[in-house]
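Report on the following structure.
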Amino acid sequence: MNGKTKRQEFWNGVKGVAPILLGDVPFGLLYGALIISSHITAGAAQAMSSIIFAGSAQFIAAQLVGTGTAGLVVIMVVFVVNLRHALYSASIAPHVKNLNKGWKLLLSYLLTDEAYAVTITRYNREGDSDTAHWYFFGAGLTLWTSWQISTALGIFIGGQIPPSWPLGFILPLTFIALVVPALKDRAGVLAALVAGAAGLLAFGLPYKTGLLLAAFIGILTGLLVEGKPK
Amino acid sequence: MSIWVVMLIGGGLTFLTRLSFIALLHRLNVPNWFRRGLRFVPVAVLSAIILPELTNPNGTLFLSWRNPQLLAGGVAILVAWRTRNVILTILAGMAALLVFQFLLGRFF
């Protein structure tokens with residue numbers, strides 16, 4: 001337990017995701033710039049950023065719509081690409097189980113890869129508390145706002161960060177900074193190594209199914225190494 | 001099917017996926033191994049995201065000491081391990097990437 005106020009938790013959440021924004025903003029600009037070339041109106045393109053609110057799924061959906069793919073197929077692809085969020089949901093669930101329905105709906109809507117990564121790290125380091133969900137909210141709202149603004153800039157003004165600026169590299173670096181200190185025992189280390197290697201081998205599978213498969217293999221490895229509790 | 005219908009259904013399914021266990025886990029009688037497995041979710045998913053970003057920087061496999069992303073990722077892992085500091089890890093990783101890109105472009 002810790003005695004942080006709502007405001008402190010909220011700002012810690014904002015600060016937690018801040019570095020990732022540097023990598024996400026160019027991604028949003030690129031999405032905006034690309035989607036305009038795929039027969040989607042500016043209004044629909046912008047609405048997609050708040051209705052789907054998932055970068056990779058939006059990218060793939062925009063490309064599929066642009067090539068005239070049937071609507072039902074696009075829906076299925078968006079669903080499959082976003083299936084990994086069920087894992088995040090399961091992982092976060094024990095920490096938010098005492099919140100009311102409104103909070104659960106709001107935080108679920110804000111549950112992206114980035115918000116998940118920083119929020120679960122906070123829960124694992126500092127434990128649960130009555131105000132901890134404000135960290136989640138601060139992180140999620142910051143990402144949401146920057147995603148709406150950066151996609152709008154890409155759609156309505158255009159523009160792209162020069163590709164020679166490797167800002168996209170900030171996301172894996174941030175995830176490294178979150179994962180490495182969390183590796184505390186043999187089961188965790190092996191779960192991470194096996195998941196990483198499986199992710200590498202399964203990289204070619206379509207629509208992020210390789211990521212999902214790799215995560216399951218990693219989790220299973222962790223469980224097997226840990227063994228049955230005595 | 002109009003783009004709006006595709007978007008609303010796709011967004012609705014995404015939201016329900018995100019809500020799934022947050023809404024239901026405390027009501028479900030899940031087996032014990034399921035609860036124990038949750039502890040491995042963050043390290044497994046994030047590692048499965050990280051490694052291909054280092055080994056497949058341009059979408060194709062590039063497992064070589066000439067891959068600057070892979071080298072810089074190694075530096076970042078060391079810094080993260082020693083310092084446990086997010087900002088230092090990002091700065092060291094970006095600096096290493098720029099240095100390796102420059103050196104590999106210039107000399108190899």
Query raised in the report: Relative to chain A, which segment of B:I90 carries a heavy atom at a distance below 4.5 Å: side chain, backbone, both, or neither?
Result: both
Report summary line: For A:A90 and B:L38, the nearest pair of non-hydrogen atoms, with its separation, is O-CD1, 3.4 Å
Query raised in the report: Which one, A:K97, A:K208, A:K104, leads in non-hydrogen pairs under 4.5 Å with chain B?
Result: A:K104
Query - Closest-packed option against chain B by number of heavy-atom pairs under 4.5 Å, given A:L22, A:V194, A:I52 - result: A:I52
Report task. Examine whether an atom of B:W81 lies under 4.5 Å from a heavy atom of chain A, and if so say whether it belongs to the side chain, the backbone or both; otherwise answer neither. Result -> both
Query raised in the report: If you check every heavy atom in residues 67-75 of chain B against those of chain A, which residues fall under 4.5 Å?
Result: B:Q69, B:A72, B:G73
Query raised in the report: Relative to chain A, which of B:A48, B:S2, B:G11 shows the most heavy atom pairs under 4.5 Å?
Result: B:A48
Report summary line: So CG of B:N56 and CG of A:L200: to nearest 0.5 Å the spacing works out to 6.0 Å
Report task. Below 4.5 Å from any heavy atom of chain A, which atoms of B:R35 appear? Answer side chain, backbone, both or neither. Result -> neither
Report summary line: If you tally heavy-atom pairs under 4.5 Å between each of A:A198, A:G199, A:A215, A:P181 and chain B, the highest tally belongs to A:P181
Query raised in the report: Top residue by heavy-atom pair count (under 4.5 Å) with chain A, among B:I49, B:V5, B:V30?
Result: B:I49
Query raised in the report: Heavy-atom distance under 4.5 Å between the side chains of B:L54 and A:F169, does that happen here?
Result: yes
Report summary line: Shortest non-hydrogen pair, B:A76 vs A:L173, comes out as CB-CD2, 3.4 Å
Query raised in the report: At what distance, to the nearest 0.5 angstrom, does CG of B:L13 lie from NE2 of A:H85?
Result: 13.0 Å
Query raised in the report: With a 4.5 angstrom heavy-atom cut-off, which part of B:L61 approaches chain A: side chain, backbone, both or neither?
Result: side chain
Requested in this report: Would you mind reporting whether B:L19 and A:L105 have side-chain heavy atoms less than 4.5 Å apart?
Outcome: yes
Report task. Go through B:G93, B:S20, B:P42, B:G10 and name the one with the most non-hydrogen pairs under 4.5 angstrom from chain A. Result -> B:P42
Requested in this report: Among B:W4, B:W33, B:F21, single out the residue with the greatest number of heavy-atom pairs under 4.5 Å to chain A.
Outcome: B:F21
Query raised in the report: Counting only heavy atoms not in A:W11, do more than 12 sit closer than 6.0 Å to its CH2 atom?
Result: no
Query raised in the report: chain B heavy atoms under 4.5 Å from A:L111: which part of the residue, side chain, backbone, both or neither?
Result: both
Report summary line: Smallest heavy-atom separation, A:S89 atom then B:I22 atom, equals OG-N, 2.9 Å
Query raised in the report: For A:I217, is it the side chain, the backbone, both or neither that has a heavy atom under 4.5 Å from a heavy atom of chain B?
Result: neither
Requested in this report: Indicate yes or no: at least one non-hydrogen side-chain atom of B:F40 is less than 4.5 angstrom from one of A:E226.
Outcome: yes
Query raised in the report: What closest approach, in Å, do A:G71 and B:V6 show between heavy atoms, and which atom pair accounts for it?
Result: CA-CG2, 3.7 Å
Report summary line: Whatever's closer than 4.5 Å to a heavy atom in chain B on A:T112 counts as both
Report task. Check the surroundings of atom OH in A:Y207: do more than 12 heavy atoms from other residues, nucleotides or ligands lie under 6.0 Å from it? Result -> no
Query raised in the report: Atom CD1 of B:I3 and atom CD1 of A:I40: how far apart are they, to the nearest 0.5 Å?
Result: 4.0 Å
Query - Minimal non-hydrogen separation, A:I219 against B:G37, with atom names - result: CG2-O, 3.6 Å
Query raised in the report: A:A214, A:A197, A:A187: which one forms the most heavy-atom pairs within less than 4.5 Å of chain B?
Result: A:A187
Query raised in the report: When heavy-atom pairs shorter than 4.5 Å are enumerated against chain B, which of A:A191, A:G218, A:A117, A:A93 gives the highest number?
Result: A:A93
Query raised in the report: Relative to chain A, which segment of B:L8 carries a heavy atom at a distance below 4.5 Å: side chain, backbone, both, or neither?
Result: both
Query raised in the report: Using non-hydrogen atoms only, which part of A:A57 is less than 4.5 Å away from chain B: side chain, backbone, both, or neither?
Result: neither
Requested in this report: Please round to the nearest 0.5 Å and tell me the distance separating atom CE of B:M94 and atom CD1 of A:I170.
Outcome: 4.5 Å
Query raised in the report: Is A:L72 atom CG crowded by more than 12 heavy atoms from other residues, nucleotides or ligands, each under 6.0 Å away?
Result: no
Query raised in the report: Just wondering, are more than 12 heavy atoms of other shown residues or ligands nearer than 6.0 Å to CZ in A:R125?
Result: yes
Requested in this report: Mind checking the CG-CZ spacing from A:L110 to B:F15? Nearest 0.5 Å is all I need.
Outcome: 9.5 Å
**Report entry** Rounded distance [0.5 Å steps], OG1 in B:T14 versus OH in A:Y109
**Finding:** 11.0 Å
Query raised in the report: Hey, is the main chain of A:L83 close enough, under 3.5 Å, to the side chain of B:T17 for a donor-acceptor pair?
Result: no
Query raised in the report: Got a donor-acceptor contact below 3.5 angstrom from the B:S47 side chain to the A:G196 backbone?
Result: no
Report task. Check step by step if side chain to side chain contact (heavy atoms under 4.5 Å, CB included) holds for A:D185 and B:R39. Result -> CA-CA 12 Å; A:D185 58 354; B:R39 146 170 119 80; 2.9 Å; yes
Query - Backbone of A:A177 reached by a side-chain donor or acceptor of B:T89 within 3.5 Å - result: no
Query raised in the report: Side chain, backbone, both or neither: which part of B:L25 has a heavy atom under 4.5 Å from chain A?
Result: side chain
Report task. Identify which part of A:A61 has an atom lying under 4.5 Å from any heavy atom of chain B, answering side chain, backbone, both or neither. Result -> neither
Query raised in the report: Looking at A:I176, A:L201, A:L183, A:I51, which one has more heavy-atom pairs under 4.5 Å with chain B than the rest?
Result: A:I176
Requested in this report: Indicate yes or no for a side-chain donor-acceptor contact from B:R18 to the backbone of A:N82 under 3.5 Å, with no hydrogens or angles considered.
Outcome: no
Requested in this report: Could you tell me which non-hydrogen atom of B:I50 sits nearest to which non-hydrogen atom of A:P172, and how far apart they are?
Outcome: CG1-O, 4.1 Å
Query raised in the report: Side chain, backbone, both or neither: which part of B:I77 has an atom under 4.5 Å from a heavy atom of chain A?
Result: both
Query raised in the report: For A:A44, is it the side chain, the backbone, both or neither that has a heavy atom under 4.5 Å from a heavy atom of chain B?
Result: both
Query raised in the report: Which region of B:L88, side chain (C-beta onward) or backbone (N, CA, C, O), has a non-hydrogen atom less than 4.5 Å from a non-hydrogen atom of chain A, or is it both or neither?
Result: neither
Query raised in the report: Tell me, side chain or backbone of A:Y116 under 4.5 Å from chain B's heavy atoms, or both, or neither?
Result: side chain
